[in-house]
Amino acid sequence: MSEQSTVDQALPEGIELTPLSDGFRQDPYGILRRIQQQTSVHEDRQLKRFIYTHHDHVKDILRDKDFWSDPRKGNPGTFMREILGSNSRADEEPSMLLMDEPGHRRLRSLVSASFTPATVERWRERTRQVVERVLDGIQTTEFNLISDFAGPVPTVVIAELLGIDPAKHDQFKHWSDESVKTAFNPFATAEQKAAGNAASAALEGFIASEIKTRRQHLGQDLISDMIRAEDNGERLTEQEMIRQTNLLLVAGNVTTTDLIGNGIKALIDHPEQLAKLRADPSLIKNAVEEMLRYDSPVVNSGRIANRDINIGGCPVSKGESLNTSLAAANRDPAIYPDPDKFNIERLDTHHQSFGGGRHLCLGAHLARLEAQEAILGLLRRYPNLRASARGHTYHAIPSFRGMSELWLDSTPDTGGA
(Lines give C-alpha, C1' and ligand atoms only; values in the text may rest on other atoms or scores of the structure.)
Protein backbone atom coordinates (compact mmCIF):
# COMPACT_ATOMS: atom_id res chain seq x y z
CA MET A 1 0.00 0.00 0.00
CA SER A 2 3.00 2.38 0.25
CA GLU A 3 2.75 3.77 -3.30
CA GLN A 4 -1.06 3.90 -3.10
CA SER A 5 -0.94 5.71 0.24
CA THR A 6 1.43 8.35 -1.10
CA VAL A 7 -1.00 9.16 -3.90
CA ASP A 8 -4.01 9.15 -1.60
CA GLN A 9 -2.54 11.78 0.74
CA ALA A 10 -3.33 14.50 -1.80
CA LEU A 11 -6.96 13.42 -2.12
CA PRO A 12 -9.88 14.55 0.07
CA GLU A 13 -11.12 12.39 2.94
CA GLY A 14 -13.85 12.32 5.57
CA ILE A 15 -16.34 15.17 5.57
CA GLU A 16 -14.88 16.53 2.31
CA LEU A 17 -16.35 13.49 0.54
CA THR A 18 -19.88 14.12 1.84
CA PRO A 19 -22.48 16.80 1.01
CA LEU A 20 -21.71 18.36 4.41
CA SER A 21 -18.81 19.95 2.50
CA ASP A 22 -19.90 22.87 0.31
CA GLY A 23 -17.70 21.84 -2.60
CA PHE A 24 -18.86 18.23 -2.69
CA ARG A 25 -22.50 19.21 -2.17
CA GLN A 26 -22.50 21.59 -5.14
CA ASP A 27 -20.55 19.35 -7.53
CA PRO A 28 -19.26 15.95 -6.40
CA TYR A 29 -18.36 14.88 -9.92
CA GLY A 30 -15.17 16.90 -10.31
CA ILE A 31 -13.89 15.61 -6.97
CA LEU A 32 -14.80 12.00 -7.79
CA ARG A 33 -13.20 12.26 -11.25
CA ARG A 34 -9.99 13.44 -9.64
CA ILE A 35 -9.98 10.39 -7.36
CA GLN A 36 -10.83 8.16 -10.32
CA GLN A 37 -7.96 9.54 -12.38
CA GLN A 38 -5.35 9.39 -9.62
CA THR A 39 -6.01 6.00 -8.02
CA SER A 40 -7.84 2.73 -8.48
CA VAL A 41 -8.80 2.61 -4.79
CA HIS A 42 -8.91 5.53 -2.36
CA GLU A 43 -8.38 4.86 1.34
CA ASP A 44 -10.40 7.33 3.43
CA ARG A 45 -8.57 7.09 6.73
CA GLN A 46 -10.83 9.57 8.51
CA LEU A 47 -13.97 7.48 8.02
CA LYS A 48 -12.13 4.14 7.82
CA ARG A 49 -13.35 2.98 4.42
CA PHE A 50 -11.94 2.05 1.00
CA ILE A 51 -13.61 4.02 -1.80
CA TYR A 52 -14.02 2.50 -5.27
CA THR A 53 -14.81 4.88 -8.13
CA HIS A 54 -14.16 2.77 -11.24
CA HIS A 55 -17.24 1.29 -12.89
CA ASP A 56 -16.03 -2.30 -13.14
CA HIS A 57 -14.78 -2.38 -9.54
CA VAL A 58 -18.11 -0.99 -8.31
CA LYS A 59 -20.07 -3.47 -10.39
CA ASP A 60 -17.99 -6.42 -9.19
CA ILE A 61 -18.31 -5.47 -5.51
CA LEU A 62 -22.06 -4.90 -5.66
CA ARG A 63 -22.61 -8.22 -7.40
CA ASP A 64 -20.37 -10.32 -5.17
CA LYS A 65 -22.89 -12.47 -3.30
CA ASP A 66 -20.43 -13.28 -0.52
CA PHE A 67 -19.60 -9.76 0.70
CA TRP A 68 -21.48 -8.78 3.85
CA SER A 69 -23.93 -5.93 4.34
CA ASP A 70 -24.69 -6.39 8.06
CA PRO A 71 -22.79 -3.58 9.89
CA ARG A 72 -22.30 -5.80 12.94
CA LYS A 73 -19.81 -7.87 10.94
CA GLY A 74 -17.51 -4.94 10.25
CA ASN A 75 -14.27 -4.41 12.11
CA PRO A 76 -14.52 -2.06 15.14
CA GLY A 77 -13.98 1.56 14.11
CA THR A 78 -14.78 1.04 10.43
CA PHE A 79 -17.35 3.05 8.50
CA MET A 80 -19.97 0.33 8.11
CA ARG A 81 -19.73 -0.77 11.75
CA GLU A 82 -19.72 2.67 13.36
CA ILE A 83 -21.95 4.70 11.02
CA LEU A 84 -24.53 2.32 9.59
CA GLY A 85 -24.57 0.12 12.69
CA SER A 86 -24.90 2.96 15.18
CA ASN A 87 -28.69 3.10 15.03
CA SER A 88 -29.38 -0.57 15.74
CA ARG A 89 -28.92 -2.87 18.71
CA ALA A 90 -26.46 -5.76 18.53
CA ASP A 91 -29.30 -8.25 19.12
CA GLU A 92 -31.62 -6.69 16.52
CA GLU A 93 -31.74 -7.73 12.87
CA PRO A 94 -31.06 -4.82 10.51
CA SER A 95 -33.42 -3.77 7.74
CA MET A 96 -33.40 -5.76 4.51
CA LEU A 97 -31.05 -3.14 3.05
CA LEU A 98 -28.32 -4.25 5.48
CA MET A 99 -29.26 -7.91 5.97
CA ASP A 100 -27.20 -10.95 4.98
CA GLU A 101 -28.20 -14.48 4.05
CA PRO A 102 -30.17 -16.50 4.86
CA GLY A 103 -32.39 -13.84 6.45
CA HIS A 104 -32.21 -11.55 3.45
CA ARG A 105 -33.34 -14.25 1.03
CA ARG A 106 -36.26 -15.21 3.27
CA LEU A 107 -37.45 -11.63 3.77
CA ARG A 108 -37.07 -10.63 0.13
CA SER A 109 -39.00 -13.69 -1.05
CA LEU A 110 -41.91 -12.66 1.18
CA VAL A 111 -42.18 -9.07 -0.04
CA SER A 112 -40.88 -9.15 -3.63
CA ALA A 113 -44.21 -10.14 -5.21
CA SER A 114 -45.57 -6.64 -4.54
CA PHE A 115 -42.71 -5.00 -6.48
CA THR A 116 -42.41 -7.00 -9.69
CA PRO A 117 -42.59 -4.96 -12.93
CA ALA A 118 -46.03 -6.39 -13.74
CA THR A 119 -47.43 -5.58 -10.29
CA VAL A 120 -45.97 -2.09 -10.21
CA GLU A 121 -47.28 -1.33 -13.71
CA ARG A 122 -50.82 -1.75 -12.36
CA TRP A 123 -50.17 1.32 -10.18
CA ARG A 124 -49.41 3.59 -13.14
CA GLU A 125 -52.89 5.07 -13.52
CA ARG A 126 -53.13 5.64 -9.77
CA THR A 127 -49.75 7.38 -9.83
CA ARG A 128 -50.88 9.53 -12.75
CA GLN A 129 -53.92 10.62 -10.72
CA VAL A 130 -51.73 11.53 -7.75
CA VAL A 131 -49.51 13.63 -10.03
CA GLU A 132 -52.52 15.54 -11.36
CA ARG A 133 -53.89 16.14 -7.83
CA VAL A 134 -50.56 17.49 -6.61
CA LEU A 135 -50.26 19.74 -9.68
CA ASP A 136 -53.78 21.05 -9.02
CA GLY A 137 -52.56 22.21 -5.62
CA ILE A 138 -49.89 24.50 -7.10
CA GLN A 139 -51.55 27.90 -7.25
CA THR A 140 -48.64 30.19 -8.21
CA THR A 141 -46.62 30.57 -11.42
CA GLU A 142 -43.37 30.51 -9.44
CA PHE A 143 -42.92 27.54 -7.12
CA ASN A 144 -40.40 25.34 -5.36
CA LEU A 145 -40.49 22.06 -7.29
CA ILE A 146 -39.23 20.04 -4.31
CA SER A 147 -41.69 21.08 -1.60
CA ASP A 148 -44.63 21.64 -3.94
CA PHE A 149 -44.29 18.66 -6.26
CA ALA A 150 -41.26 16.31 -6.17
CA GLY A 151 -41.63 15.77 -2.42
CA PRO A 152 -45.40 15.23 -2.19
CA VAL A 153 -45.77 12.90 -5.20
CA PRO A 154 -43.78 9.88 -3.89
CA THR A 155 -45.09 10.43 -0.36
CA VAL A 156 -48.71 10.35 -1.49
CA VAL A 157 -48.12 7.42 -3.87
CA ILE A 158 -46.48 5.26 -1.21
CA ALA A 159 -48.98 6.34 1.44
CA GLU A 160 -51.87 5.39 -0.84
CA LEU A 161 -50.28 2.06 -1.71
CA LEU A 162 -49.91 1.38 2.01
CA GLY A 163 -53.54 2.37 2.56
CA ILE A 164 -52.72 5.34 4.82
CA ASP A 165 -55.41 7.93 5.60
CA PRO A 166 -54.77 10.97 3.33
CA ALA A 167 -55.18 13.26 6.34
CA LYS A 168 -51.97 11.76 7.78
CA HIS A 169 -49.79 12.14 4.69
CA ASP A 170 -48.04 15.34 5.84
CA GLN A 171 -47.12 13.84 9.21
CA PHE A 172 -45.98 10.72 7.40
CA LYS A 173 -43.65 12.80 5.19
CA HIS A 174 -42.20 14.69 8.17
CA TRP A 175 -41.30 11.50 10.05
CA SER A 176 -39.65 9.89 7.03
CA ASP A 177 -37.66 13.06 6.20
CA GLU A 178 -36.38 13.44 9.77
CA SER A 179 -35.43 9.77 9.97
CA VAL A 180 -33.27 9.81 6.85
CA LYS A 181 -31.35 12.95 7.84
CA THR A 182 -29.39 11.05 10.47
CA ALA A 183 -29.55 7.46 9.18
CA PHE A 184 -26.45 7.85 6.95
CA ASN A 185 -24.85 10.92 8.53
CA PRO A 186 -21.46 10.23 10.15
CA PHE A 187 -21.35 13.77 11.56
CA ALA A 188 -24.88 14.13 12.97
CA THR A 189 -25.12 16.32 16.06
CA ALA A 190 -26.69 15.12 19.30
CA GLU A 191 -29.72 17.31 18.54
CA GLN A 192 -30.10 15.86 15.03
CA LYS A 193 -29.79 12.31 16.36
CA ALA A 194 -32.45 12.98 19.00
CA ALA A 195 -34.84 14.39 16.37
CA GLY A 196 -34.16 11.45 14.05
CA ASN A 197 -34.69 8.89 16.81
CA ALA A 198 -37.93 10.55 17.89
CA ALA A 199 -39.21 10.57 14.31
CA SER A 200 -38.24 6.91 13.81
CA ALA A 201 -39.99 5.90 17.02
CA ALA A 202 -43.13 7.81 16.06
CA LEU A 203 -43.11 6.29 12.58
CA GLU A 204 -42.69 2.75 13.95
CA GLY A 205 -45.55 3.28 16.39
CA PHE A 206 -47.76 4.55 13.59
CA ILE A 207 -46.94 1.61 11.33
CA ALA A 208 -47.59 -0.85 14.18
CA SER A 209 -51.03 0.70 14.62
CA GLU A 210 -51.73 0.40 10.88
CA ILE A 211 -50.73 -3.28 10.95
CA LYS A 212 -53.08 -3.92 13.85
CA THR A 213 -55.92 -2.27 11.92
CA ARG A 214 -55.22 -4.32 8.78
CA ARG A 215 -55.17 -7.60 10.69
CA GLN A 216 -58.78 -6.87 11.60
CA HIS A 217 -59.76 -5.65 8.12
CA LEU A 218 -57.50 -6.75 5.28
CA GLY A 219 -57.55 -4.51 2.23
CA GLN A 220 -55.92 -4.13 -1.19
CA ASP A 221 -52.74 -2.42 0.00
CA LEU A 222 -49.09 -3.23 0.68
CA ILE A 223 -49.51 -3.68 4.44
CA SER A 224 -52.31 -6.17 3.83
CA ASP A 225 -50.13 -7.89 1.22
CA MET A 226 -47.36 -8.30 3.79
CA ILE A 227 -49.79 -9.79 6.30
CA ARG A 228 -51.02 -12.26 3.66
CA ALA A 229 -47.53 -13.09 2.39
CA GLU A 230 -46.37 -16.66 2.90
CA ASP A 231 -43.49 -18.63 1.43
CA ASN A 232 -43.03 -22.30 2.31
CA GLY A 233 -44.91 -21.79 5.55
CA GLU A 234 -42.89 -18.68 6.48
CA ARG A 235 -44.60 -15.40 7.35
CA LEU A 236 -43.40 -11.92 8.22
CA THR A 237 -43.26 -10.99 11.89
CA GLU A 238 -44.74 -7.65 12.96
CA GLN A 239 -41.25 -6.23 13.50
CA GLU A 240 -40.22 -7.29 10.00
CA MET A 241 -43.29 -5.59 8.52
CA ILE A 242 -42.49 -2.43 10.46
CA ARG A 243 -38.87 -2.39 9.27
CA GLN A 244 -39.86 -3.10 5.66
CA THR A 245 -42.48 -0.35 5.63
CA ASN A 246 -40.04 2.02 7.29
CA LEU A 247 -37.40 1.20 4.67
CA LEU A 248 -39.88 1.80 1.85
CA LEU A 249 -40.76 5.19 3.31
CA VAL A 250 -37.34 6.43 4.30
CA ALA A 251 -35.44 5.13 1.27
CA GLY A 252 -38.25 5.36 -1.28
CA ASN A 253 -39.52 8.85 -0.50
CA VAL A 254 -36.20 10.66 -0.41
CA THR A 255 -34.62 8.93 -3.40
CA THR A 256 -37.63 9.33 -5.67
CA THR A 257 -38.01 12.99 -4.70
CA ASP A 258 -34.35 13.50 -5.56
CA LEU A 259 -34.69 11.58 -8.83
CA ILE A 260 -37.59 13.80 -9.94
CA GLY A 261 -35.81 16.97 -8.82
CA ASN A 262 -32.43 16.07 -10.34
CA GLY A 263 -34.14 14.95 -13.55
CA ILE A 264 -36.08 18.18 -14.00
CA LYS A 265 -32.98 20.25 -13.25
CA ALA A 266 -31.03 18.31 -15.89
CA LEU A 267 -33.77 19.04 -18.44
CA ILE A 268 -33.96 22.72 -17.51
CA ASP A 269 -30.17 23.00 -17.74
CA HIS A 270 -30.21 21.32 -21.16
CA PRO A 271 -33.06 22.99 -23.10
CA GLU A 272 -32.32 21.03 -26.27
CA GLN A 273 -32.96 17.79 -24.34
CA LEU A 274 -36.11 19.26 -22.81
CA ALA A 275 -37.34 20.16 -26.30
CA LYS A 276 -36.69 16.59 -27.51
CA LEU A 277 -38.76 15.14 -24.66
CA ARG A 278 -41.60 17.58 -25.22
CA ALA A 279 -41.63 16.70 -28.92
CA ASP A 280 -41.49 12.95 -28.25
CA PRO A 281 -42.82 11.89 -24.81
CA SER A 282 -42.10 8.25 -25.71
CA LEU A 283 -38.47 9.07 -24.84
CA ILE A 284 -39.40 9.29 -21.14
CA LYS A 285 -38.24 5.79 -20.16
CA ASN A 286 -34.81 6.29 -21.70
CA ALA A 287 -34.72 9.83 -20.31
CA VAL A 288 -35.27 8.61 -16.73
CA GLU A 289 -32.49 6.04 -17.12
CA GLU A 290 -30.16 8.79 -18.32
CA MET A 291 -31.21 10.96 -15.35
CA LEU A 292 -30.31 8.09 -13.03
CA ARG A 293 -26.92 7.74 -14.69
CA TYR A 294 -26.18 11.44 -15.02
CA ASP A 295 -27.13 12.58 -11.50
CA SER A 296 -27.99 9.61 -9.30
CA PRO A 297 -30.06 10.30 -6.16
CA VAL A 298 -27.92 7.75 -4.28
CA VAL A 299 -24.22 8.52 -4.55
CA ASN A 300 -22.67 5.56 -2.78
CA SER A 301 -23.35 2.09 -1.40
CA GLY A 302 -21.41 -0.18 0.92
CA ARG A 303 -20.30 -3.73 1.58
CA ILE A 304 -17.99 -5.41 4.08
CA ALA A 305 -15.15 -7.65 2.96
CA ASN A 306 -15.93 -11.21 4.11
CA ARG A 307 -12.36 -12.23 3.29
CA ASP A 308 -8.99 -10.69 2.55
CA ILE A 309 -9.28 -9.24 -0.96
CA ASN A 310 -7.35 -7.33 -3.58
CA ILE A 311 -9.44 -5.22 -5.96
CA GLY A 312 -7.70 -2.65 -8.13
CA GLY A 313 -4.28 -3.58 -6.75
CA CYS A 314 -5.10 -2.56 -3.19
CA PRO A 315 -5.12 -5.29 -0.49
CA VAL A 316 -8.01 -5.00 1.97
CA SER A 317 -8.47 -7.10 5.10
CA LYS A 318 -11.54 -9.05 6.09
CA GLY A 319 -14.05 -6.89 7.96
CA GLU A 320 -13.06 -3.61 6.29
CA SER A 321 -15.61 -1.26 4.69
CA LEU A 322 -15.91 -1.21 0.89
CA ASN A 323 -17.57 2.02 -0.22
CA THR A 324 -18.70 2.01 -3.85
CA SER A 325 -19.20 5.39 -5.50
CA LEU A 326 -22.25 4.95 -7.70
CA ALA A 327 -21.97 8.56 -8.88
CA ALA A 328 -18.37 8.08 -10.07
CA ALA A 329 -19.09 4.70 -11.67
CA ASN A 330 -22.00 6.20 -13.62
CA ARG A 331 -19.65 8.75 -15.20
CA ASP A 332 -16.62 6.56 -15.76
CA PRO A 333 -15.12 7.68 -19.11
CA ALA A 334 -13.77 4.16 -19.63
CA ILE A 335 -17.38 2.98 -19.99
CA TYR A 336 -19.46 5.93 -21.22
CA PRO A 337 -18.61 8.18 -24.20
CA ASP A 338 -18.88 11.84 -23.11
CA PRO A 339 -19.87 10.79 -19.55
CA ASP A 340 -20.57 14.34 -18.39
CA LYS A 341 -22.98 14.98 -21.27
CA PHE A 342 -26.71 14.64 -20.54
CA ASN A 343 -28.33 12.92 -23.49
CA ILE A 344 -31.83 11.41 -23.22
CA GLU A 345 -31.22 9.53 -26.48
CA ARG A 346 -28.02 7.91 -25.20
CA LEU A 347 -27.93 4.33 -26.45
CA ASP A 348 -26.24 2.87 -23.37
CA THR A 349 -27.98 4.22 -20.27
CA HIS A 350 -27.13 1.30 -17.99
CA HIS A 351 -26.09 2.52 -14.53
CA GLN A 352 -25.33 1.45 -10.98
CA SER A 353 -27.86 3.78 -9.30
CA PHE A 354 -30.04 0.97 -7.94
CA GLY A 355 -27.08 -1.04 -6.65
CA GLY A 356 -26.77 -4.63 -7.77
CA GLY A 357 -26.70 -8.29 -6.91
CA ARG A 358 -28.97 -9.58 -4.18
CA HIS A 359 -29.36 -6.05 -2.83
CA LEU A 360 -30.62 -4.58 -6.10
CA CYS A 361 -33.18 -1.95 -5.04
CA LEU A 362 -36.52 -3.66 -4.51
CA GLY A 363 -38.40 -0.44 -5.31
CA ALA A 364 -36.54 0.28 -8.56
CA HIS A 365 -39.57 -0.33 -10.80
CA LEU A 366 -41.78 1.88 -8.63
CA ALA A 367 -39.21 4.71 -8.60
CA ARG A 368 -38.96 4.57 -12.38
CA LEU A 369 -42.72 4.63 -12.82
CA GLU A 370 -43.18 7.55 -10.41
CA ALA A 371 -40.44 9.58 -12.09
CA GLN A 372 -41.81 8.90 -15.58
CA GLU A 373 -45.34 9.97 -14.67
CA ALA A 374 -44.27 12.94 -12.53
CA ILE A 375 -41.96 14.41 -15.15
CA LEU A 376 -44.39 13.94 -18.05
CA GLY A 377 -47.25 15.31 -15.97
CA LEU A 378 -45.27 18.40 -15.02
CA LEU A 379 -44.22 19.10 -18.61
CA ARG A 380 -47.79 18.64 -19.89
CA ARG A 381 -49.13 21.05 -17.29
CA TYR A 382 -46.47 23.71 -17.87
CA PRO A 383 -45.46 24.21 -21.53
CA ASN A 384 -43.16 27.14 -20.66
CA LEU A 385 -41.38 25.78 -17.60
CA ARG A 386 -37.99 27.37 -16.88
CA ALA A 387 -35.63 28.15 -14.02
CA SER A 388 -36.55 30.93 -11.63
CA ALA A 389 -34.09 33.59 -10.53
CA ARG A 390 -34.51 32.25 -6.98
CA GLY A 391 -32.25 29.35 -7.96
CA HIS A 392 -31.76 26.05 -6.15
CA THR A 393 -30.26 24.65 -2.94
CA TYR A 394 -28.77 21.18 -2.51
CA HIS A 395 -29.56 19.37 0.73
CA ALA A 396 -26.81 17.99 2.95
CA ILE A 397 -27.85 14.37 3.51
CA PRO A 398 -24.85 12.01 3.29
CA SER A 399 -25.14 9.24 0.69
CA PHE A 400 -27.93 11.11 -1.12
CA ARG A 401 -27.85 13.83 -3.78
CA GLY A 402 -30.79 16.12 -4.26
CA MET A 403 -32.21 19.53 -3.51
CA SER A 404 -34.27 21.12 -0.78
CA GLU A 405 -35.20 23.93 -3.18
CA LEU A 406 -35.50 24.13 -6.97
CA TRP A 407 -37.44 27.23 -7.95
CA LEU A 408 -39.21 27.20 -11.29
CA ASP A 409 -41.21 29.75 -13.26
CA SER A 410 -44.21 28.63 -15.32
CA THR A 411 -45.33 32.07 -16.52
CA PRO A 412 -46.79 31.75 -20.04
CA ASP A 413 -44.57 33.00 -22.85
CA THR A 414 -46.21 36.09 -24.34
CA GLY A 415 -43.90 36.01 -27.35
CA GLY A 416 -42.61 39.50 -26.62
CA ALA A 417 -46.04 41.06 -26.99
Nearest-0.5 Å distance that lies between atom CZ in F24 and atom OH in Y394: 12.0 Å
Validation row: V58, T53 side chains within 4.5 angstrom (heavy atoms): no
Quick one about D280 and S282 (side-chain donor to acceptor, distance below 3.5 Å, no hydrogens or angles considered), yes or no? yes
So CG of L98 and CZ of R72: to nearest 0.5 Å the spacing works out to 10.0 Å
F206 vs W175 aromatic rings, parallel, tilted or perpendicular, using cut-offs 30° and 60°? tilted
Rounded to the nearest 0.5 Å, what's the gap from OG1 on T213 to CG on D165? Could you check? 11.0 Å
Check: Y294 ring centroid to Y29 ring centroid under 6.0 Å: no
With under 30° as parallel and over 60° as perpendicular, where do the rings of W123 and F115 fit, or are they tilted in between? perpendicular
Stepwise salt bridge (charged side-chain N to carboxylate O under 4.0 Å, His left out) test for E82 and K48: CA-CA 10 Å; E82 302 303 326; K48 302 295 188 294; over 6 Å; no
Heavy atoms of D308 and S317 approach each other most closely as OD1-CA, 3.4 Å
With a 4.5 Å heavy-atom cut-off, do V134 and P152 have their side chains touching? yes
Salt bridge (Lys or Arg N to Asp or Glu O under 4.0 Å) against E405, all qualifying residues, sequence neighbours excluded: none
Does any N or O in the side chain of T78 come within less than 3.5 Å of the main-chain N or O of G74, such that one atom is a donor and the other an acceptor? no
How many angstroms lie between CD1 in I344 and CG in L283, if you round to the nearest 0.5 Å? 5.0 Å
Are T393 and M403 close enough, and set up right, to give a side chain to side chain contact (heavy atoms under 4.5 Å, CB included), and what steps lead you there? CA-CA 6 Å; T393 302; M403 292 162 283; over 6 Å; no
Does any donor atom in the side chain of Q244 or R108 lie under 3.5 Å from an acceptor atom in the other side chain? no
When you look at V120 and L369, which way does the side chain to side chain contact (heavy atoms under 4.5 Å, CB included) test go after all the steps? CA-CA 8 Å; V120 169; L369 184 148; 3.9 Å; yes
Using a 3.5 Å distance criterion without hydrogens, assess whether the side chain of T18 forms a donor-acceptor pair with backbone atoms of I15. yes
Are any non-hydrogen side-chain atoms of F50 and E320 less than 4.5 angstrom apart? yes
Parallel, tilted or perpendicular: which fits the ring planes of Y336 and H55, with parallel below 30° and perpendicular above 60°? perpendicular
Side chains of R381 and I138: does their closest heavy-atom pair fall under 4.5 Å? no
Going by heavy atoms in the side chains, are F342 and L267 under 4.5 Å from each other? yes
Of all heavy-atom pairs linking R303 and M80, the shortest is O-CG, 4.0 Å
Checking side-chain hydrogen bond (donor to acceptor under 3.5 Å, both in side chains) for the pair R124/Q372: CA distance, chi angles, key distance, verdict? CA-CA 10 Å; R124 187 175 292 276; Q372 291 163 11; 3.1 Å; yes
Do the side chain of D221 and the main chain of L161 share a donor and acceptor less than 3.5 angstrom apart? no
Without hydrogens or angle criteria, can the side chains of N300 and S325 be said to hold a donor-acceptor pair below 3.5 Å? no
Sequence neighbours left out, what pairs pass salt bridge (Lys or Arg N to Asp or Glu O under 4.0 Å) with at least one residue falling in residues 287-302? E289-R368, E290-R293, E290-R346, D295-R401
Kindly indicate, with the supporting measurements, whether the criterion side chain to side chain contact (heavy atoms under 4.5 Å, CB included) is fulfilled by L145 and L378. CA-CA 10 Å; L145 179 82; L378 186 77; 3.6 Å; yes
Working for salt bridge (charged side-chain N to carboxylate O under 4.0 Å, His left out), residues D269 and K265: CA-CA 6 Å; D269 289 347; K265 185 176 186 302; 2.6 Å; yes
Is the ring centre of H54 less than 6.0 Å from the ring centre of H42? no
S40 side chain to G312 main-chain N or O, any donor-acceptor pair under 3.5 Å? yes
Are any side-chain N or O atoms of D348 and backbone N or O atoms of H350, one a donor and one an acceptor, separated by less than 3.5 Å? yes
Between T127 and V130, does the side chain to side chain contact (heavy atoms under 4.5 Å, CB included) criterion hold? Intermediate values first, please. CA-CA 5 Å; T127 300; V130 168; 5.5 Å; no
Does one side chain, of N144 or S147, offer a donor that lies under 3.5 Å from an acceptor on the other? yes
Taking all non-hydrogen atoms of both residues, which atom of S296 and which atom of N330 are closest, and how far apart? CB-ND2, 3.8 Å
Report, as yes or no, whether the 6.0 Å neighbourhood of atom CD on E272 holds more than 12 heavy atoms from other residues, nucleotides or ligands. yes
Distance from H57 atom NE2 to L62 atom CG, nearest 0.5 Å? 13.0 Å
Side-chain heavy-atom pair L408, F149 within 4.5 angstrom cut-off: no
salt_bridge(K65, D100) N-O dist < 4.0 Å: no
Do R128 side-chain atoms and A374 backbone N/O form a donor-acceptor pair below 3.5 Å? no
Mind checking whether N286 and V288 have side chains closer than 4.5 Å, heavy atoms only? no
Any donor and acceptor pair, going by atom type alone, linking the side chain of E101 with main-chain N or O of R105 inside 3.5 Å? yes
Separation between CD (Q352) and CG (L326), nearest 0.5 Å, reads 7.5 Å
Closest heavy-atom contact between S69 and M99? CB-O, 4.3 Å
Whether the side chain of E13 engages the backbone of R45 through a donor-acceptor N/O pair (distance < 3.5 Å, no angle test) should be reported. yes
Which heavy-atom pair separates R214 from L162 by the least distance, and what is that distance? NH2-O, 2.7 Å
For D148 and F143, the nearest pair of non-hydrogen atoms, with its separation, is OD2-CB, 3.2 Å
Is a side-chain N or O of E240 found less than 3.5 angstrom from the main chain of T237, in a donor-acceptor match? yes
Sidechain-backbone polar pair: N197 side chain, K193 backbone, donor-acceptor under 3.5 Å: yes
Check the pair R25 / D22 against salt bridge (charged side-chain N to carboxylate O under 4.0 Å, His left out), numbers first and verdict last. CA-CA 5 Å; R25 182 170 62 253; D22 287 344; 2.3 Å; yes
Please say whether more than 12 non-hydrogen atoms of neighbouring residues, nucleotides or ligands are located less than 6.0 Å from CD in E125. yes
Minimum side-chain heavy-atom gap L322-I304 below 4.5 Å: no
Determine, step by step, whether D225 and R228 satisfy the salt bridge (charged side-chain N to carboxylate O under 4.0 Å, His left out) criterion, reporting the C-alpha distance in whole Å, the side-chain angles of both residues, the deciding distance to 0.1 Å, and the verdict. CA-CA 5 Å; D225 287 347; R228 293 188 188 98; 3.2 Å; yes
